[in-house]
Amino acid sequence: MFSGVRWVGWLVGLLLALAACGAPGSPQASPAAPSGQPAAQSTAVSGRPSPSSSSSPKTAEQAQIFFSAGGKLVSETRTISGGAALQSALEALLGGPKDPGHFTEIPKDSRLLGVQLKNGVANVSLGKEFFVSGGSTGMQLRLAQVVFTLTQFPGVNSVQFLQEGQIISVAGGEGFPIGKPLTRQSFAGVSS
Amino acid sequence: MFALKVVLSSLVVAGTLATMFVANPAFAGSSLSGKTIVIDPGHGGHDPGALANGIREKDVTLAIAQQLQGILQAQGARVIMTRTTDTDVNPGASSEDAELQARVNVAQSAHASAFVSVHANFSGDPNFSGATTYFGPKCGYYSGASLSPTDVGRGYSLATRVQAALVSRTHEVDRGTPAQIFWVLGNPGIPSILVETGFISNKAEGAHLTDPGYQHVVADAIGDGLASYFGSGDAAGTPAAPASALADCSAPAPTNEHWVQTFLPAPLLSGADPNAKPFTTLPPFFYLKVLGQQGDYLFVLNPATNGPGYVLGSRVGPSGPPAAAPAQSSFSPFWVENFKPVELWSGSDAKAVSFGALPAWHFLQVVSPSSGPRFYVKVDNTANVAYVDRANVGPSGPPPSSPVQAAPSQFAAAARPVAAARATAAPPSTRQVKVQPGDTLFAIAARYKSSVPAVMALNHLSNSNLIMAGQTLSIPVAA
């Protein structure tokens with residue numbers, strides 16, 4: 001068998017070669033992310049953002065973090081930690097937008113208690129404050145911000161919200177159902 | 001501007017009341033006369049609703065609902081309020097769904113003619129404003145409620161009429177009438193809407209919504225919408241609804257199982273770090289069930305051994321579960337033979353991967369219906385199943401030795417090329433071959449002029465990717 005160092009080196013080479021060939025099923029190697037502040041680039045949502053692989057053997061990568069403006073989702077490109085991409089992306093999301101024209105529907109001081117990927121479902125546990133009522137538009141956008149941010153990563157098909165570790169049937173007094181995993185299709189009204 | 005609006009609103013109030021009591025003392029002219037209408041002021045009690053600009057949503061919704069109550073009663077309607085004070089509708093409820101279902105239950109037990117839930121909206125974007133009226137689509141409610149097409153059509157008709165009146169009277173931005181699976185809209189048999197009267201997060205709109213004069217205009221507009229609905233044929237008819245609101249909900253259920261396939265040889269590792277030891281190296285196109293992710297590694301279950309391990313995420317691609325026989329109904333299996341070499345595919349679509357080639361003239365039993373370009377077949381009487389291109393096979397009967405009466409040795413016979421099988425029903429001669437490191441089943445089969453399915457059948461292998469160096473295989477000798 002390969003020694004550790006040789007094996008990793010060989011893999012990196014292979015990955016780059018594959019990315020160049022566009023081999024089916026191979027994740028694209030992310031461009032090396034610049035250190036420091038993320039680009040202030042913002043894009044309106046148009047389908048799935050270009051995949052930025054969570055399985056790339058880099059320590060940092062770029063991801064789209066989703067916010068709200070004019071009743072729709074908008075995104076900002078951020079540099080996140082590649083080793084714990086989901087956690088890192090959610091932390092960037094809870095940190096709020098950088099663009100003054102962007103807003104967040106996530107209540108201030110919302111606590112991220114954990115995120116775990118299981119069978120293609122990202123299980124996100126948040127504190128009670130995340131689930132308070134917030135208007136039907138704000139509530140759909142709030143949930144969509146999380147779902148769109150997480151489902152950009154390969155292997156994440158849907159998101160199950162957990163309130164302090166427990167599945168609850170609806171978010172807030174508007175009664176938006178969150179008892180089952182949500183996909184991007186759950187938010188057709190606010191994503192286009 | 002704002003002051004003027006208030007004055008105008010008050011004039012409207014006075015005008016409306018005067019007209020009603022003078023012209024229609026017995027409410028005879030109103031389509032609302034005799035109708036039972038349930039008004040649901042959104043939130044309340046423990047749930048303040050949205051909070052913005054010093055406004056609590058639950059106060060705005062109650063104030064508008066109470067004005068609406070008066071307006072509808074004045075036109076002869078029987079009005080039932082889900083709440084009349086700042087309280088929970090179901091104070092003992094341990095969860096939000098029980099609180100919301102209590103509101104639905106009020107309408108159901110009253111056999112209401114319509115249900116109107118009054119809300120005020122919120123967005124983190126303080127510039128965003130406007131009115132929205134939601135109606136309920138056919139399905140998707142977490143309560144399990146299901147609406148008939150008539151329910152959906154009537155809800156849509158009511159929503160469009162209320163929304164039109166609201167926008168016309170308030171000059172708010174029209175945010176439309178979307179279908180949405182809010183809990184209270186899962187109200188079978190009762191046309192139900194949820195009216196977002198405006199954004200309290202928008203300073204100007206919030207100021208309007210806390211003003212009693214403006215609240216009355218909003219309530220009056222909702223009343224106009226209700227009167228228009230009951231005055232139309234829709235209330236007793238089967239009005240049309242957008243197709244999207246009538247679509248079935250079963251399709252987009254997220255999959256619980258997540259599978260990947262190796263597209264290169266992939267070490268199955270003991271841990272999620274570069275120093276982990278490989279248990280084995282999996283061949284390409286090997287199915288793995290994903291149990292979790294740890295950094296760059298996927299935690300997987302090897303379905304062949306049911307043993308867990310880690311693979312580098314970059315060695316695998318997305319996949320469905322391993323090919324399994326689609327559900328059989330009233331389908332009778334039939335036989336075909338490939339008149340030219342065919343690829344054995346893992347699936348029926350473009351994403352399928354090839355298991356390898358099968359030489360010409362094999363009996364293939366089509367074991368499930370398929371309308372696509374590939375047949376789902378059992379190969380050579382073995383347990384092996386795969387898809388083959390329909391264009392490369394022709395009709396055939398069962399193999400010469402019937403599978404029902406076949407002794408185990410004759411299974412092997414049927415696995416040989418058709419010409420040989422037809423020549424003799426006797427068991428073929430075989431030779432024993434020891435698997436060398438680096439060997440694949442395909443290479444071994446090719447070396448001895450046999451086929452992968454034939455070798456698999458003779459050795460009772462269920463997975464062509466699983467052979468071990470040092471293992472001895474029986475190989476059929478070509479006649």
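Each chain gets a letter, A, B and so on, in the order the sequences are listed, and its residues count up from 1. Owing to the predicted nature of the structure, the values given are computational and were not obtained by experimental measurement.
Looking only at heavy-atom pairs under 4.5 Å with chain B, the residue among A/R142, A/E174, A/M139 that has the most is A/E174. Among the candidates B/A120, B/P126, B/A179, the residue making the largest number of heavy-atom pairs closer than 4.5 Å to chain A is B/P126. In terms of heavy-atom pairs under 4.5 angstrom with chain B, the leader among A/G134, A/S68, A/A84, A/G101 is A/G134. Residue with the most contacts toward chain A among B/Y134, B/F199, B/Y141: B/Y134 (heavy-atom pairs, distance under 4.5 Å).
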Does the side chain to side chain donor-acceptor pair (under 3.5 Å) test come out yes or no for A/Q64 and A/T77, once each step is laid out?
CA-CA 5 Å; A/Q64 300 298 307; A/T77 304; 3.0 Å; yes
Evaluate the side chain to side chain donor-acceptor pair (under 3.5 Å) criterion for residues B/T61 and B/R83: first the C-alpha distance (whole Å), next the side-chain angles of each, then the deciding distance (0.1 Å), finally the verdict.
CA-CA 11 Å; B/T61 63; B/R83 66 181 179 98; 3.3 Å; yes
Test side-chain contact (heavy atoms from CB on, under 4.5 Å) on A/S136 and B/Q180; report intermediate values, then the result.
CA-CA 10 Å; A/S136 63; B/Q180 189 52 274; over 6 Å; no
For a side-chain contact (heavy atoms from CB on, under 4.5 Å) check, start with the C-alpha distance between A/L93 and A/L150, then their side-chain angles and the critical distance, and finish with the verdict.
CA-CA 10 Å; A/L93 177 62; A/L150 289 177; over 6 Å; no
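The main-chain N or O of B/N275 is found under 3.5 Å from a side-chain atom of B/D273 such that the two form a donor-acceptor pair. Between the side chain of B/N127 and the backbone N or O of A/G70 there is no donor-acceptor pair closer than 3.5 Å.
In this structure, the portions of B/S123 lying under 4.5 Å from any heavy atom of chain A include both its backbone and its side chain. Interface residue B/I181: backbone and side-chain heavy atoms are both found under 4.5 Å from chain A. If you measure heavy-atom distances from B/E96 to chain A, the contacts under 4.5 Å come from both the backbone and the side chain. Contacts of B/F128 with chain A are made by side-chain atoms alone, with heavy-atom separations under 4.5 Å and no backbone atom involved. For A/Q116, no part lies near chain B; criterion is any non-hydrogen pair under 4.5 Å. For chain B, the nearby parts of A/T137 are the backbone and the side chain; heavy atoms of each come within less than 4.5 Å.
Contact record, A/V115 with A/A122: CG2-CB, 4.5 Å, taken as the closest heavy-atom pair. A pairwise comparison of heavy atoms in A/A69 and A/V74 identifies CB-CG1, 4.0 Å as the closest pair.
Between B/W183 and B/Y142, the ring planes are tilted. Angles from 30° to 60° get that label.
Under the 3.5 Å distance criterion, with hydrogens and angles disregarded, no donor-acceptor pair is assigned to the side chains of B/E196 and B/T132.
Residues of residues 45-52 of chain B that come closer than 4.5 Å to chain A, counting heavy atoms only, are B/D47, B/G49, B/A50, ordered by residue number. Residues of residues 162-173 of chain A lying within less than 4.5 angstrom of chain B, judged on heavy atoms, are A/S169, A/V170, A/G172, A/G173 in numerical order.
Residues B/V106 and B/D40 fail the side-chain proximity criterion, which asks for heavy atoms closer than 4.5 Å. Between B/K138 and B/D248 the shortest side-chain heavy-atom distance falls below 4.5 Å.
Remark: A/L113 CG to A/L90 CG distance equals 11.5 Å, nearest 0.5 Å. Note that the CD atom of A/Q145 and the CD atom of A/E105 stand 6.0 Å from one another [nearest 0.5 Å].
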